2 protein chains.
Amino acid sequence: MANEKVTSNDVARLAGVSQSAVSRYFTPGSSVSKKTSEKIRVAAEQLGYRPNILARSLITGRSRIIGLVVAYLENYFYPEVVERLSKVLQEQGYHVLVFISSPASASENVDQITQEILDYQVDGIVLASASMSSELAARCHAHGVPIVLFNRSQDDERLSAVTSDNRAGGRKLAELLLSLGHEKFGYIAGFEGASTQRDREAGFLEGLAAAGKSLYRRSVGNFRYEEAQAAARRMFGSDDRPDAVFVCNDHMAFAVMDVLRFELGLEIPQDVSVVGFDDVPPARWPAYNLTTIRQDVDAMVAETIRTLMRAIDNGDDQARRVTLDGTLVVRGSTRKCPATSN
Amino acid sequence: MANEKVTSNDVARLAGVSQSAVSRYFTPGSSVSKKTSEKIRVAAEQLGYRPNILARSLITGRSRIIGLVVAYLENYFYPEVVERLSKVLQEQGYHVLVFISSPASASENVDQITQEILDYQVDGIVLASASMSSELAARCHAHGVPIVLFNRSQDDERLSAVTSDNRAGGRKLAELLLSLGHEKFGYIAGFEGASTQRDREAGFLEGLAAAGKSLYRRSVGNFRYEEAQAAARRMFGSDDRPDAVFVCNDHMAFAVMDVLRFELGLEIPQDVSVVGFDDVPPARWPAYNLTTIRQDVDAMVAETIRTLMRAIDNGDDQARRVTLDGTLVVRGSTRKCPATSN
DNA sequence: CTGAAAGCGCTAACAC
DNA sequence: GTGTTAGCGCTTTCAG
């Protein structure tokens, strides 16, 4: 087997034309006569020829590869992102090269990984996990490789970022819980270094403060299922517990609900209202039926790609910071109406 | 900005050595003197030089890219696969280029996608969804690109495949349900074209047959949450219902459990025992606590990579079909003991 | 519209 | 060890 590589030269020879004619035939904008086209088409088909993208990239300087850095595929928000992002890019002739960054070794790891990505001459980078050092961001910039932060932002204003309005989301959740007549509020935090964690909490506190309330209990779950379970045990283990809890994302909220119901024998929402953030698929499964803020993955992906393409096609150098609205989705994990009539 | 490309030539010039010396310095096996190395190291660092993998690929014929075709990221078995596969390959200096194939347009789509993959000069392909046409398989073979089918097999014996022993798994589940004293067995099928569906069902029926039993009800869920819900409604809507059901994968089993409990008011396992297949993370969450067959993702990934590397490094041409054992994991969705004493 | 020629950034013989 | 010389498969001037 292995007829191995068929090159444009082979096709040219068979078609009786020059190699550059073949190249033109496979280059969208180029002009080739009908006659030549036909000869090339036939020869190419016969040989099963397809242009070598890598060789093309070498000369055009465009690889049509987008690097994606992601860490927590166990949080079901991200599989959706990978799927949508790949799919939409695919339709535009791009493809996604995946890089998994261990959540453990934070930014050092990301820097190394980003370096590897750069080695592949990617046309752009989407950072869906962790943050990167400023030096590396600068280097990407120097290489002319646009970066967009997905679902996280960073202080560095020169980096493009697409996020939901996490702060507004946190506030909406506070307002909902307040309107339901809750009094003692718990908050289970994600990884403290994450902007999503910071903003969601800030919004929540802000919302409470506006009603003259504040947090009753706080615990950290670091975005992990097991740690969130532990946090829930600490927070709800004694009788003196919150009557409502905002868990920083749905993934952890499931863990919290499981502990409340199956370990502590509490009823949701009768004993405790639980709210999350993201609206991943299990949130609408009856077993959880979780009130949450929906992040519009499709819109976020669309904005990410728009940002990327603007930079790639027009060399648009400016950072673009897009914040999308999140929708409050009220389900059964929160009380139906205020305890005291409204 | 944009100092753009720094080439090995630039480094060579700055270091006062030849360009090939620089190339050697960055090629693991090559020999460069300490002195030269040092000069190159300094110059490269100063310029921020890194070898262009694409240019290297052009000449070595190795891209260090593995194409991964996947469709159902909503089935949480696959995110685990993407993560593990990417991670382990990454450690070996390879990276994963993702291709999403719409589950809708089956094999035609896969063929087109595989063609695109080939254009990237990948060193290997992992097909974690759908099957491919024999012609295309032949073409990959011709190009010397190894393919491995992940979690599915195909009649074509020339294709490598890594699967769990789905048949044995189905049988184990039948035996468990029989040992628990169940009498009326339901089966909710996945997509009928899938080998996993076929083998799991065959094993289950085989296990029932060995005890002189057969299926009481059967319905199709096509591996989708919503369709599985509908299947459950059909199967359990009337009083004349099974007392145990095997759902072809965990993802659908969650849908079935949700319908049984929250729509039909049935108790699991008192009224019905439910078993699934895969052991995805939510299966062990207390809300589901699902008895299932664990597919060992790590082992499957390891075998996949072994198969790939054997073909890439040694040009090993032979198909390798690996079948791994699945472990029965008994949890709370099945009765604790037989109704009639054992 | 077409072919000849140059060269993208790199590796791999080949002599020295 | 090290530099020189050819290309890898392709796009892109440049003449014609």
Side-chain angles (χ1 to χ4, degrees), chain A residues 3-41 43-44 47-65 93 118-123 143-145, chain B residues 3-41 43-44 47-65 93 118-123 143-145:
Chain A
N3 70 335
E4 293 290 346
K5 311 291 168 196
V6 180
T7 73
S8 56
N9 247 311
D10 301 329
V11 177
R13 206 171 305 125
L14 182 61
V17 298
S18 75
Q19 181 270 329
S20 24
V22 177
S23 169
R24 284 191 198 99
Y25 176 78
F26 284 98
T27 307
S30 286
S31 45
V32 191
S33 74
K34 260 221 143 92
K35 222 175 192 165
T36 319
S37 285
E38 192 50 23
K39 288 193 284 190
I40 296 175
R41 199 187 55 72
L47 264 40
Y49 169 79
R50 307 225 67 202
N52 180 330
I53 293 199
L54 268 34
R56 173 181 289 170
S57 302
L58 193 55
I59 188 154
T60 61
R62 298 288 195 75
S63 61
R64 305 198 77 87
I65 295 176
L118 250 22
D119 294 349
Y120 277 95
Q121 312 297 116
V122 297
D123 292 343
H143 282 242
V145 179
Chain B
N3 70 333
E4 295 290 345
K5 313 291 170 198
V6 179
T7 73
S8 56
N9 247 310
D10 302 330
V11 177
R13 206 171 306 127
L14 182 61
V17 299
S18 77
Q19 182 270 328
S20 28
V22 178
S23 170
R24 283 191 198 99
Y25 175 79
F26 283 99
T27 307
S30 288
S31 45
V32 191
S33 74
K34 262 225 141 99
K35 221 172 191 165
T36 321
S37 285
E38 191 51 21
K39 287 193 284 190
I40 296 175
R41 199 187 56 71
L47 266 38
Y49 169 79
R50 307 227 66 202
N52 179 332
I53 293 200
L54 268 32
R56 173 182 289 169
S57 302
L58 194 54
I59 188 153
T60 60
R62 300 288 196 74
S63 61
R64 305 198 77 88
I65 295 177
L118 250 22
D119 295 348
Y120 277 96
Q121 313 296 116
V122 297
D123 292 344
H143 283 241
V145 178

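Bear in mind the structure is a predicted one, so any value in this text is a computation, not a measurement. In what follows, chains carry the letters A, B, and so on, assigned in the order in which the sequence lines appear, proteins first and then strands, with residues in each chain numbered from 1.
Here the P atom of nucleotide D/dC8 and the CZ atom of B/Arg62 are 18 Å apart, to the nearest Å. Rounding to whole angstrom units, CG of residue A/Asn9 and P of C/dG3 are separated by 12 Å. Atom OH of B/Tyr25 and atom P of D/dG3 are 15 Å apart (whole Å). Atoms CD1 (B/Ile59) and C1' (C/dT11) sit 4 Å apart, rounded to a whole Å. The distance from atom NZ of B/Lys35 to atom P of D/dT2 is 10 Å, rounded to the nearest whole Å. Rounded to whole Å, the distance from CG on A/Asn52 to P on C/dC10 is 17 Å. The distance from atom CG of A/Leu54 to atom C1' of D/dG9 is 10 Å, rounded to the nearest whole Å. For the pair B/Gln19 CD and D/dG3 P, the computed distance is 11 Å after rounding to whole Å.
Annotation: of the two residues near DNA chain D, B/Ala55 and A/Ser30, the 5′-most nearest-nucleotide partner is B/Ala55. Mapping B/Tyr49 and B/Arg24 onto DNA chain C via the closest heavy atom, the residue that lands nearer the 5' end is B/Tyr49.
For the pair B/Arg56 and B/Pro51, the minimum side-chain heavy-atom distance is below 4.5 Å. Looking only at side-chain heavy atoms (C-beta outward), B/Tyr49 and B/Val22 come within less than 4.5 Å of each other.
Interatomic distance, CG of B/Asp123 versus OG1 of B/Thr60, reported as 8.0 Å (0.5 Å rounding). Atoms CZ and CG, on B/Arg50 and A/Leu118 in that order, are 8.5 Å from each other to the nearest 0.5 Å. Atom OG of residue B/Ser63 and atom CG of residue A/Asn52 lie 9.5 Å apart, to the nearest 0.5 angstrom.
Among the heavy atoms of the strands, none lies under 4.0 Å from A/Ser57. When heavy atoms are screened at a 4.0 angstrom cut-off, B/Val22 is found touching no nucleic acid atom at all. Within the nucleic acid shown, B/Ser23 comes within 4.0 Å of at least one base atom, counting heavy atoms only.
Residue-to-nucleotide contacts include a donor-acceptor pair under 3.5 Å from the side chain of B/Ser20 to the base of D/dT4.
Side-chain nitrogen and oxygen atoms of A/Thr60 include none within less than 4.0 Å of the OP1 or OP2 phosphate oxygen of D/dT12. For the OP1/OP2 pair of C/dG3 and a distance below 4.0 Å, the side-chain nitrogens and oxygens of A/Ser18 include at least one atom meeting the criterion.
Listed candidates were C/dG3, D/dG9, D/dG1. Nearest to the side chain of B/Thr36 is D/dG1.
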